[in-house]
Amino acid sequence: MTPVKPVVRHYLQFNDFTREEYAYLFGRTRWIKAQFKAYQRYWPLSDRTLVMIFEKASTRTRLSFEAGIQQLGGSAIYLNTRDSQLGRGEPIEDAAQVISRMSDIVMIRTFEQTIVERFAAHSRVPVINGLTNEYHPCQIMADIFTYIEHRGSIEGKTVAWIGDSNNMCNTWLQAGEVLGFNVHVSTPPGYEVEPERAGLHGTGHFRQFADPMDAVRGADIVTTDVWTSMGFEAENEERLRDFADWQVDADMMKAANPEAIFLHCLPAHRGEEVTAEVIDGPQSFVWDEAENRLHVQKALMEFLLLGRVNP
Ligand code: CP
Ligand code: NVA
């Protein structure tokens, strides 16, 4: 009899999960977070090993995945391009074969989305996208969980994205399609969203605005990110000039819904994409947002390795 090959699921972009699966994951996140806050030990992943591969810098992603797997009873191994064979041209397919024979789950932060896709295609274990040039799904899970915690359901609400149409923006756009909320984007000319690169299906949840004030009007979440993402440093000077009018400030927050919250994935540059008044002000939830990386990713790893634990 031919053995049945287990189905391995990956999390490479936001639309890898359905709306119903996110409802489950956010419920699990709430429970896992409560256990953590109550100092309750929860070790469903004891003896499981997470390999984390970083081809770009990180503080939050490394910390939240490493702390997260340990808190679930497992352990983490950190690899980077500089001191592994990945930086010396070993094919990603070969790396995937080897790494996935020695571990239970893999997280990768890298450049092109095709790299995580090629890795996943040759991996025996679940692969998680820890940020690519195109997407940052774990961050958007944390952002949405933060909104739900403080304001309730995100369905039908409006997210205003101000600035670069980068990995964060693309992922918000996908999330709008999956979870049924609107995303209003304002970018400088020449930096507009590329719907195909964002992986959109044209469900009508995305609108583009030339003037950032029009994008934030009545919004429930106002959010932005650095003007120069990792890998684009050569364009920094030009971007500082091009994005100067796309800074989130107090006037923009006033134009939004009075209950609007401000989010930023961090690291932030005060005085560039956001004023200190906004990011350090009463509508900002960026520290909860950063902490929630830990909790959503614990729910994510549990789901990818164990499936639903409380159906
Ligand atoms: N937001 C985020 O992913 O932060 P790091 O680059 O520090 O991981
Ligand atoms: N857009 C940023 C996010 C950093 C967490 C980058 O890719 O550098």
Item to complete: State yes or no: are the ring centers of Phe36 and His295 separated by less than 6.0 Å?
Response: yes
Aromatic ring proximity Tyr42/Trp31, centre distance under 6.0 Å: yes
Is any side-chain N of the basic residue among [X] and [Y] closer than 4.0 Å to the acidic one's carboxylate O?
X	Y	answer
Arg308	Glu20	yes
Arg217	Asp214	yes
Arg9	Asp16	no
Lys37	Glu291	yes
Arg239	Glu272	no
Glu55	Arg109	no

Quiz prompt | Short side-chain to backbone donor-acceptor contact, Ser100 and Val125, under 3.5 Å | solution = no
Notebook entry, point to check: Between Asp249 (side chain) and Thr275 (backbone), is there a donor-acceptor pair under 3.5 Å?
Noted result: no
Would you say the side chains of [X] and [Y] form a donor-acceptor pair under 3.5 Å?
X	Y	value
Lys157	Asn257	no
Gln113	Asn129	yes
Gln13	Asn170	no
Asn133	Lys56	yes
His201	Thr203	no
Glu273	His264	yes
Thr146	Asp288	no
Glu192	Thr187	no
Thr61	Arg293	yes

If you link I, L, V, M, F, W and Y whenever their side-chain heavy atoms are under 4.5 Å apart, who else ends up in the same group as [X]?
X	result
Trp43	none
Val98	Met102
Met230	Leu131

Counting C-beta onward and ignoring hydrogens, is there a side-chain heavy-atom pair between Cys169 and Val185 closer than 4.5 Å? yes
- Message: Ring-plane angle category for Phe303 and Tyr24, please: parallel below 30°, perpendicular beyond 60°, tilted otherwise.
- Response: tilted
Can you tell me how the ring of Tyr22 sits relative to the ring of Phe14, calling it parallel under 30°, perpendicular over 60° and tilted otherwise? parallel
Heavy-atom pair of closest approach, residues [X] and [Y]:
X	Y	result
Gln283	Pro258	NE2-O, 3.8 Å
Asn166	Ser229	ND2-OG, 3.5 Å
Lys33	Asn292	NZ-OD1, 2.9 Å
Leu266	Val286	CD1-O, 4.1 Å

Value for CD1 (Ile99) from CD1 (Ile105), rounded to nearest 0.5 Å, stands at 14.0 Å
So CG of Leu86 and CZ of Arg88: to nearest 0.5 Å the spacing works out to 11.5 Å
**Asked** Run the side chain to side chain contact (heavy atoms under 4.5 Å, CB included) check on Phe285 and Glu149 step by step: do they pass?
**Response** CA-CA 11 Å; Phe285 286 78; Glu149 263 192 320; over 6 Å; no
